[in-house]
Amino acid sequence: MASDPIHQFQLKKHIPLEIGGMDISFTNSSLFMVATVVCTSGFLIWATSGRGMVPTRAQSFAEILYEFVAGMLRDAAGSEGMKFFPMVFSLFLFILVANMFGMFPYFFTVTSHIIITVALSMLVFLTVLGVGFFKHGLGFLKLFVPSGVPIAIMPLVVAIEIISFLARPISHSVRLFANMLAGHITLKVFAGFVVSLSSFGVLGIAGSILPMLMTIGLTALEFLVAFLQAYVFTMLTCMYLNDALHPGGH
Amino acid sequence: MIIDQAWAASSEASQSAEGARGGGTFPPFDPSTFASQLLWLVITFGIFYFIMSRVIIPRIAGILETRRDRISRDLDESRRLKEESDAAHAAYEHELAEAKRKAHTIGQEATDRAKQEAAAEREKVEAGLSDKLKDAESRITKIKQKALGEVDDIAAEVTGAIVSELIGGKLTKAELTKTVSAITK
């Protein structure tokens with residue numbers, strides 16, 4: 001059981017709840033969502049409580065996070081996009097911290113469940129649709145009609161554009177989910193090799209050096225992936241929002 | 001296929017140990033957990049969004065805004081102070097040039113006056129000297145004439161003495177003088 005690489009994704013009910021036949025128990029996933037929110041909010045509230053003209057280290061870190069996401073959004077969607085800053089900032093921090101929590105042994109990775117990443121990407125997708133149609137009406141459909149394409153192949157191009165637009169929430173959510181899932185499985189598998197090889201005596205212990213090094217390297221890589229996937233998710237969110245704000249812009 | 005069975009078996013084992021849910025499906029694809037996850041995501045992410053948009057973001061934006069204002073105010077202040085110091089420096093340079101010019105004029109004036117005074121003095125001295133020279137010259141001429149006049153008397157006297165010695169006769173003074181002046185002329 002200990003070496004089962006899937007076990008870490010198992011939900012455990014901490015407080016079983018049920019309303020109208022729906023299972024809404026408070027699980028380990030819920031626990032880590034709460035932990036993510038409490039720790040991130042707590043840190044940021046604490047870090048910025050001084051409101052220092054000259055920032056402390058923590059405040060400086062909070063400011064860097066702010067400037068990082070604000071810069072990303074402003075570059076991708078212009079200053080108009082800044083009204084979505086609270087959403088983008090919340091998404092980035094929620095995913096980043098949830099991913100990072102997942103790196104602790106025995107901690108649950110919230111973003112390794114597809115329903116969570118689908119929900120987050122649908123939030124973005126529906127925001128894009130809502131804002132696009134609200135701001136531009138049917139003009140939003142210009143998004144599917146690239147300028148400068150010969151009329152003969154236009155139907156084909158439009159079809160491709162529509163399919164790729166509809167595929168966005170899928171790729172958006174699966175990218176994050178699959179990266180977190182695969183990374184954690186790989187880590188667990190290599191770490192499992194170390195344990196099982198070591199039980200074969202001296203030769204086994206010598207042989208377990210390789211997967212051990214692999215596990216160390218993968219751990220570093222997973223930290224990178226945890227950050228990178230949060231970044232990629234946020235970056236794509238910014239680009240999709242840009243489409244909603246400027247549908248004719250590409 | 002074998003792997004799937006192994007997964008199923010192991011997860012079933014783990015689930016039975018925990019008395020949990022879901023049959024043998026791969027946990028992330030187990031629909032029975034979706035409702036709970038979604039609900040808790042909506043609750044937690046909703047609270048998180050609320051805290052971020054109402055507390056954190058205005059606060060950090062405020063901090064950055066205040067700092068930007070402060071920096072631009074300080075820059076303005078420093079620009080103003082620099083202008084002031086430039087003006088003061090220019091005034092100082094101007095004053096210095098003025099003072100230099102004044103000092104030069106004063107020096108020039110003093111030199112001129114001293115030159116004039118020296119020239120006047122020299123003229124006076126020179127005039128005095130030429131007066132004295134003239135006086136001396138006239139005196140010398142007078143003395144020379146007097147001396148020359150006396151020479152005739154002396155010559156007459158000497159001649160009288162010589163004649164009396166040689167001839168033994170006495171000549172009158174008038175005769176002697178007439179003779180001497182006839183000879184010397």
Side-chain angles (χ1 to χ4, degrees), chain A residues 1 3-13 17 19 22-27 29-38 40-41 44-45 47-55 59 62-63 65-67 70 85-87 89-91 93-94 110 112-116 118-120 123 177 181, chain B residues 3-4 6-71 73-74:
Chain A
M1 189 172 86
S3 62
D4 171 18
I6 304 306
H7 175 69
Q8 56 180 320
F9 304 113
Q10 200 69 53
L11 286 170
K12 295 174 204 129
K13 290 180 199 178
L17 292 170
I19 292 175
M22 284 259 267
D23 180 12
I24 51 158
S25 308
F26 189 84
T27 60
S29 172
S30 320
L31 178 68
F32 278 98
M33 287 186 220
V34 170
T36 300
V37 169
V38 168
T40 313
S41 307
L44 288 177
I45 288 169
T48 58
S49 59
R51 290 186 174 81
M53 184 63 65
V54 178
Q59 190 188 322
E63 285 173 15
L65 282 175
Y66 180 96
E67 300 267 21
F85 182 66
M87 186 182 91
F89 190 65
S90 308
L91 275 174
L93 282 186
F94 188 84
V110 174
S112 67
H113 275 245
I114 191 153
I115 185 67
I116 299 292
V118 164
L120 293 176
L123 171 69
F177 155 71
L181 184 82
Chain B
I3 293 170
D4 277 348
W7 275 357
S10 62
S11 54
E12 223 149 13
S14 64
Q15 273 158 12
S16 61
E18 292 143 23
R21 57 151 74 90
T25 50
F26 183 52
F29 296 142
D30 178 2
S32 69
T33 67
F34 286 0
S36 144
Q37 290 199 60
L38 270 180
L39 177 77
W40 286 102
L41 177 69
V42 168
I43 293 170
T44 53
F45 191 75
I47 292 170
F48 189 64
Y49 178 86
F50 182 80
I51 294 172
M52 289 299 120
S53 62
R54 291 297 158 90
V55 182
I56 301 298
I57 289 171
R59 204 185 262 189
I60 298 179
I63 290 168
L64 295 178
E65 185 84 5
T66 316
R67 184 175 305 143
R68 198 161 38 232
D69 286 356
R70 174 71 185 274
I71 286 170
R73 209 169 55 235
D74 285 1

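Every chain is numbered from 1, with letters handed out A, B, ... down the list of sequences.
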- Item | B/Arg67 versus chain A, the contacting section by heavy-atom distance below 4.5 Å |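 Both parts, backbone and side chain.
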- Message: For B/Ile57, which atoms come within 4.5 Å of any heavy atom of chain A: side chain, backbone, both, or neither?
- Response: both
Would you mind writing out the side-chain donor-acceptor pairs for residues 44-55 of chain B within the sub-3.5 Å range, not counting sequence neighbours?
| unit_1 | atom_1 | unit_2 | atom_2 | d |
| --- | --- | --- | --- | --- |
| B/Thr44 | OG1 | B/Trp40 | O | 2.7 |
| B/Thr44 | OG1 | B/Leu41 | O | 3.3 |
| B/Ser53 | OG | B/Tyr49 | O | 2.9 |
| B/Ser53 | OG | B/Phe50 | O | 3.4 |

Heavy-atom contact with chain B under 4.5 Å, split by part of [X]:
X: A/Ser41; answer: both
X: A/Leu91; answer: both
X: A/Met53; answer: both

Can you tell if the side chain of [X] reaches within under 4.5 Å of the side chain of [Y], non-hydrogen atoms only?
X: A/Ile45; Y: B/Arg59; value: yes
X: A/Glu67; Y: B/Leu64; value: yes
X: A/Thr27; Y: B/Thr33; value: no

- Message: Nearest 0.5 angstrom please: A/Glu63 CD to B/Ile63 CD1, how far?
- Response: 5.5 Å
- Message: If I take atom CD1 from residue A/Ile19 and atom CG from residue B/Leu39, how far apart are they, to the nearest 0.5 angstrom?
- Response: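 One finds 7.5 Å between CD1 of A/Ile19 and CG of B/Leu39.
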- Query: If every non-hydrogen atom of B/Ser36 is compared with every non-hydrogen atom of A/Ser25, which pair is closest and at what distance?
  - Reply: OG-O, 3.0 Å
Could you check which of [options] has the highest count of heavy-atom pairs closer than 4.5 Å to chain B?
options: A/Phe9, A/Tyr66, A/Phe85, A/Phe177; result: A/Tyr66
options: A/Ala70, A/Pro55, A/Gly52, A/Ala62; result: A/Pro55
options: A/Ile116, A/Leu65, A/Ile114; result: A/Ile116

- Among all residues two or more places apart in sequence or in another chain, which pass the side-chain contact (heavy atoms from CB on, under 4.5 Å) test with A/Ile115?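 With sequence neighbours excluded, A/Ile115 shows a side-chain contact (heavy atoms from CB on, under 4.5 Å) to A/His113, B/Phe34, B/Gln37, B/Leu38, given in chain and number order.
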